[in-house]
S.K.: 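What follows is a single structure, and I will ask about it in a moment.
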Amino acid sequence: MGVPLINDVFLRALQRQPVSRTPVWIMRQAGRYLPEYRALRAQAGDFMSLCGNPELACEVTLQPLRRFKLDAAILFSDILTIPDAMGLGLWFETGEGPKFKHPVRTAREINGLDVPDVADTLGYVFEAVSRIRRELAGQVPLIGFAGSPWTVGTYMVEGGSSREFPNILGLARENPALLDKLLGTVAATTTDYLNAQIDAGAQAIMIFDTWGAALAGDDYRRFSLGHMQAILDGLQREKDGEKIPVILFTKGAGALLRDMATTGCDALGVDWTTSLADARTFTEDKVALQGNLNPATLRESPEVIEQGVADVLESYGNGPGHVFNLGHGITPDIDPDNLGVLVDAVHRLSPQYHQ
């Protein structure tokens with residue numbers, strides 16, 4: 001793991017250090033918009049078989065780096081590996097996303113959760129991390145990740161994807177202490193899981209809180225941010241003399257970015273509904289910002305994509321601390337060539353903001 005990084009612009013930007021240009025990577029950059037990914041998934045048989053095979057997970061992680069001049073790789077895995085390891089019976093329904101055979105909603109079910117030893121149950125993830133680091137050979141840094149306890153908890157309680165979250169929001173109203181117990185169990189396991197990723201070679205960590213905006217302000221601080229804070233407090237923040245930066249991302253956070261900036265994280269992901277100029281104001285430049293082009297822009301012409309890139313760079317403005325990304329993950333319908341237009345535009349247009 002001691003290979004020096006050839007390109008560390010992403011890690012430096014996360015720490016708000018001077019860089020010559022804005023680094024760029026894309027959420028879900030290893031995924032369904034790439035024909036080579038779809039071919040490999042067909043070979044694996046299904047999504048979780050792909051995640052569970054360290055050799056194939058490594059290959060999927062590296063695929064976008066062969067096409068695009070990205071500044072970071074992100075581990076190919078899924079946010080639901082932890083509840084899967086808890087024995088909830090994860091499976092995927094075509095066209096409907098993940099489902100659990102054994103959702104947890106009652107005190108008996110939550111108190112009886114099987115808390116896994118991550119080394120035993122999730123070793124395939126750490127093996128993939130180690131393999132990816134070896135294959136990267138210092139080309140770019142590797143991001144490890146997990147879902148936030150709240151977001152993972154929504155799937156555990158609802159039994160799958162949901163738009164309204166009736167069961168978990170009902171639990172928050174009727175038995176908040178029990179919900180805190182569930183989320184605390186997930187947070188403790190997630191801390192172990194992310195620390196093991198760091199031990200295996202992850203050089204930065206991102207926590208995805210996709211559904212945090214389903215909560216109102218005080219409930220968000222208790223049930224989402226509070227449990228992400230517990231993870232941050234337990235994370236290994238240095239390895240082999242190098243800092244391990246941490247990015248928090250709550251989709252739709254808006255002004256809650258103010259609270260998120262006080263956690264001790266290094267960076268915040270920002271979706272496209274909040275301008276980076278406003279996000280800088282909310283966070284008072286305490287943290288780096290990542291984002292935030294609307295993913296739908298990638299369906300447009302090269303000229304529209306380039307203008308979108310220019311607008312995002314202008315919104316952040318001058319100085320260090322910006323990592324270019326979409327405001328959420330790239331969607332499966334995107335032409336890969338359009339992502340190439342985005343990456344090239346960031347490289348060409350961003351140096352003026354770092355003079």
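Computed from a predicted structure; not experimentally measured. The figures that follow rest on heavy atoms only: side chains count, while hydrogens, waters and symmetry mates do not.
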S.K.: Report the relative orientation of the aromatic rings in His328 and Phe249; use parallel for angles under 30°, tilted for 30 to 60°, perpendicular for over 60°.
M.R.: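 Tilted, since the angle between the ring planes falls between 30° and 60°.
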S.K.: For Tyr155 and Trp211, test the side chains for any donor-to-acceptor distance below 3.5 angstrom and give the result as yes or no.
M.R.: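 Judged by distance alone, the side chains do pair up.
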S.K.: Would you check if the side chain of Lys239 reaches a backbone N or O of Asp199 as a donor-acceptor pair within less than 3.5 Å?
M.R.: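 A pair under 3.5 Å: yes.
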S.K.: Please determine, by modelled atom types, if Ser148 and Thr151 share a side-chain donor-acceptor pair under 3.5 angstrom.
M.R.: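 Yes, because at least one side-chain N or O of Ser148 sits under 3.5 Å from a partner of the opposite role on Thr151.
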S.K.: Ignoring hydrogens and geometry, is there a side-chain-to-backbone donor-acceptor pair from Arg12 to Pro18 under 3.5 Å?
M.R.: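 Here the side-chain-to-backbone pair exists.
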S.K.: Starting at CG of Leu122, measure out to CD1 of Ile82 and round the result to the nearest 0.5 Å.
M.R.: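 If we round to the nearest 0.5 Å, Leu122:CG and Ile82:CD1 are 6.5 Å apart.
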S.K.: Restricting to non-hydrogen atoms, name the atom on Met228 and the atom on Leu248 that form the minimum distance, rounded to 0.1 Å.
M.R.: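 For Met228 and Leu248, the tightest heavy-atom pair comes out as SD-CD2, 4.3 Å.
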S.K.: Does the side chain of Glu127 come under 3.5 Å of the side chain of Ser130 through a donor N or O and an acceptor N or O?
M.R.: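 There is no such pair (donor and acceptor under 3.5 Å, judged by atom type) between the side chains of Glu127 and Ser130.
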S.K.: For the pair Ser315 (side chain) and Asp311 (backbone), establish whether a donor and an acceptor sit closer than 3.5 Å, ignoring hydrogens and angles.
M.R.: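 Judged by distance alone, no pair lies under 3.5 Å.
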S.K.: Measuring from Met48:CE to Asp78:CG, what's the distance to the nearest 0.5 Å?
M.R.: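 Nearest 0.5 Å value for the CE-CG distance: 6.0 Å.
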S.K.: Are the side chain of Thr283 and the backbone N or O of Ala279 linked by a donor-acceptor pair below 3.5 Å?
M.R.: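 Checking the backbone N and O of Ala279 against the side chain of Thr283, a donor-acceptor pair under 3.5 Å is found.
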S.K.: Is the closest basic N to carboxylate O distance between Asp218 and Arg221 below 4.0 Å?
M.R.: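 Salt bridge flag = yes for Arg221 with Asp218.
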S.K.: Are any non-hydrogen side-chain atoms of Leu50 and Asp46 less than 4.5 angstrom apart?
M.R.: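 No, too far: nothing below the 4.5 Å cut-off.
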S.K.: Would you indicate whether Arg108, at its atom CZ, is surrounded by more than 12 heavy atoms from other residues, nucleotides or ligands within a distance under 6.0 Å?
M.R.: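 No - once you tally the heavy atoms of other residues, nucleotides and ligands closer than 6.0 Å, there are 12 at most.
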S.K.: Could you walk me through whether Thr106 and Glu109 pass the side-chain hydrogen bond (donor to acceptor under 3.5 Å, both in side chains) test, one step at a time?
M.R.: CA-CA 5 Å; Thr106 67; Glu109 290 165 343; 3.3 Å; yes
S.K.: Is there a side-chain contact between Arg222 and His227 in this structure, where contact means two heavy atoms from C-beta onward sitting under 4.5 Å apart?
M.R.: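 The answer is no; the side chains never approach within 4.5 Å.
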S.K.: Would you call Lys251 and Asp209 a salt bridge, taking side-chain N to carboxylate O under 4.0 Å as the test?
M.R.: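 Salt bridge absent between Lys251 and Asp209.
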S.K.: Counting only N and O atoms by type, is there a donor-acceptor contact under 3.5 Å from the side chain of Gln229 to the main-chain atoms of Thr263?
M.R.: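 Yes.
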S.K.: Are Leu313 and Trp272 connected, step by step, through hydrophobic side chains (Ile, Leu, Val, Met, Phe, Trp, Tyr) whose heavy atoms are closer than 4.5 Å?
M.R.: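 In one cluster: no.
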S.K.: Taking the side chain as C-beta and beyond, is there a heavy-atom pair between Ser162 and Pro166 under 4.5 Å?
M.R.: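 Yes, at least one pair of side-chain atoms sits under 4.5 Å.
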S.K.: Kindly give the heavy-atom pair with the smallest separation between Val9 and Arg21, and that separation in Å.
M.R.: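 Shortest heavy-atom separation between Val9 and Arg21 comes out as CG2-O, 3.7 Å.
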S.K.: Which pair of non-hydrogen atoms, one from Trp25 and one from Ala72, has the smallest distance, and what is that distance?
M.R.: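 Closest approach of Trp25 to Ala72: CB-O, 4.0 Å.
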S.K.: Does a side-chain N-to-carboxylate-O contact under 4.0 Å join Asp335 and Arg299?
M.R.: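 Salt bridge: no.
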S.K.: Is there a side-chain contact between Pro351 and Ser20 (heavy atoms, below 4.5 Å)?
M.R.: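 Not touching, per the 4.5 Å side-chain cut-off.
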S.K.: Would Val186 and Thr189 satisfy side chain to side chain contact (heavy atoms under 4.5 Å, CB included), going step by step from the backbone distance to the final call?
M.R.: CA-CA 5 Å; Val186 176; Thr189 306; 5.9 Å; no
S.K.: Does CD belonging to Gln15 count more than 12 external heavy atoms closer than 6.0 Å?
M.R.: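 More than 12 heavy atoms, drawn from other residues, nucleotides or ligands, come within 6.0 Å of this atom.
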S.K.: How about Glu238: does its CD atom have over 12 heavy atoms from other parts shown lying under 6.0 Å from it?
M.R.: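 Above 12, so yes.
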S.K.: What closest approach, in Å, do Phe145 and Tyr193 show between heavy atoms, and which atom pair accounts for it?
M.R.: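 For Phe145 and Tyr193, the tightest heavy-atom pair comes out as O-CE2, 3.8 Å.
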S.K.: Taking side chain as C-beta onward, heavy atoms only, is Asn7 less than 4.5 Å from Pro23?
M.R.: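 With C-beta onward as the side chain, the pair stays apart.
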S.K.: Are the side chain of Asn292 and the backbone N or O of Asp271 linked by a donor-acceptor pair below 3.5 Å?
M.R.: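 It does hold such a pair.
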S.K.: Find the distance between CG (Leu142) and CD (Gln197) and round it off to the nearest 0.5 Å.
M.R.: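 With rounding to 0.5 Å, CG (Leu142) is 8.5 Å from CD (Gln197).
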S.K.: Evaluate the side chain to side chain contact (heavy atoms under 4.5 Å, CB included) criterion for residues Met260 and Thr250: first the C-alpha distance (whole Å), next the side-chain angles of each, then the deciding distance (0.1 Å), finally the verdict.
M.R.: CA-CA 9 Å; Met260 298 175 73; Thr250 293; 3.5 Å; yes
S.K.: Pair Leu169, Leu215 - check side chain to side chain contact (heavy atoms under 4.5 Å, CB included), show working.
M.R.: CA-CA 8 Å; Leu169 290 176; Leu215 294 162; 3.9 Å; yes
S.K.: Shared ILVMFWY cluster between Val19 and Leu349, side chains joined below 4.5 angstrom?
M.R.: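 They do not share one cluster, since no chain of ILVMFWY contacts under 4.5 Å joins Val19 to Leu349.
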S.K.: Please lay out, stage by stage, how Asn318 and His354 fare under the test side-chain hydrogen bond (donor to acceptor under 3.5 Å, both in side chains).
M.R.: CA-CA 6 Å; Asn318 294 319; His354 299 279; over 6 Å; no
S.K.: I want to know whether Phe76 and Tyr37 have ring centres closer than 6.0 Å.
M.R.: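 Yes, ring centres under 6.0 Å apart.
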S.K.: Determine whether Leu179 and Ile110 fall in the same hydrophobic cluster, where Ile, Leu, Val, Met, Phe, Trp and Tyr are linked whenever their side-chain heavy atoms lie under 4.5 Å apart.
M.R.: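 Per the 4.5 Å side-chain linkage, Leu179 and Ile110 are co-clustered.
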S.K.: Between Arg105 and Glu158, is the closest basic N to carboxylate O distance under 4.0 Å?
M.R.: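 No, no charged N to carboxylate O under 4.0 Å.
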S.K.: Within a 6.0 Å radius of atom CD on Glu242, are there more than 12 heavy atoms belonging to other residues, nucleotides or ligands?
M.R.: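 Result for CD/Glu242: open.
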S.K.: Looking at CD1 of Ile205 and CD of Gln203, how far apart are the two atoms once the value is rounded to the nearest 0.5 Å?
M.R.: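 The distance works out to 10.5 Å.
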S.K.: Can any side-chain N or O of Asp192 pair as donor or acceptor with the backbone N or O of Asp117 at less than 3.5 Å?
M.R.: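 Not a single qualifying donor-acceptor pair exists.
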S.K.: Considering non-hydrogen atoms only, spot the tightest contact between Ala128 and Leu75 and give its length.
M.R.: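 For Ala128 and Leu75, the tightest heavy-atom pair comes out as CB-CD1, 4.2 Å.
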S.K.: Tell me whether Arg32 is salt-bridged to Asp333, with the criterion being a basic N under 4.0 Å from an acidic carboxylate O.
M.R.: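 Salt bridge: no.
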S.K.: Taking NZ, NE, NH1 and NH2 as the nitrogens, is one of them in Glu36 or Arg41 under 4.0 Å from a carboxylate oxygen of the other?
M.R.: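 Between Arg41 and Glu36 there is no salt bridge, as every charged N stays at least 4.0 Å from the carboxylate O atoms.
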S.K.: Keeping the roles fixed (side chain from Tyr33, backbone from Gln29), state whether a donor-acceptor pair exists under 3.5 Å.
M.R.: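 Such a contact is found between Tyr33 side chain and Gln29 backbone.
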S.K.: Please report the closest heavy-atom contact between Pro141 and Asp71, naming both atoms and the distance.
M.R.: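 Pro141 and Asp71 have their closest heavy atoms at CD-O, 3.4 Å.
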S.K.: Can Ile26 and Leu342 be said to form a side chain to side chain contact (heavy atoms under 4.5 Å, CB included), step by step?
M.R.: CA-CA 10 Å; Ile26 301 297; Leu342 179 154; 4.0 Å; yes
S.K.: Hey, is the main chain of Leu11 close enough, under 3.5 Å, to the side chain of Asp8 for a donor-acceptor pair?
M.R.: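 Checking the backbone N and O of Leu11 against the side chain of Asp8, no donor-acceptor pair under 3.5 Å is found.
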S.K.: Would Arg237 and Asp266 satisfy salt bridge (charged side-chain N to carboxylate O under 4.0 Å, His left out), going step by step from the backbone distance to the final call?
M.R.: CA-CA 10 Å; Arg237 301 295 289 271; Asp266 299 280; 2.9 Å; yes
S.K.: Say you draw a straight line from CD1 of Ile79 to OG1 of Thr190; how long is it, rounded to the nearest 0.5 Å?
M.R.: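 One finds 10.0 Å between CD1 of Ile79 and OG1 of Thr190.
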S.K.: Counting C-beta onward and ignoring hydrogens, is there a side-chain heavy-atom pair between Phe208 and Met206 closer than 4.5 Å?
M.R.: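 Phe208 vs Met206: side chains touch.
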S.K.: What distance do Arg131 atom CZ and Leu136 atom CG have between them, rounded to the nearest 0.5 Å?
M.R.: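 Answer for the CZ-CG pair, Arg131 versus Leu136, is 13.0 Å.
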S.K.: Counting only N and O atoms by type, is there a donor-acceptor contact under 3.5 Å from the side chain of Asn111 to the main-chain atoms of Ala107?
M.R.: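 Pair found, side chain donor or acceptor close to backbone of Ala107.
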S.K.: Considering only heavy atoms from C-beta outward, does the side chain of Asp120 approach that of Pro116 to under 4.5 Å?
M.R.: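 The answer is no, as the side chains (C-beta and beyond) never meet within the 4.5 Å cut-off.
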S.K.: Any non-hydrogen side-chain atom of Pro83 less than 4.5 Å from a side-chain atom of Met156?
M.R.: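 Pro83 vs Met156: side chains touch.
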S.K.: Would you mind checking if Lys69 and Asp344 are paired as a salt bridge, meaning a charged N to carboxylate O distance below 4.0 Å?
M.R.: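 No salt bridge links Asp344 with Lys69.
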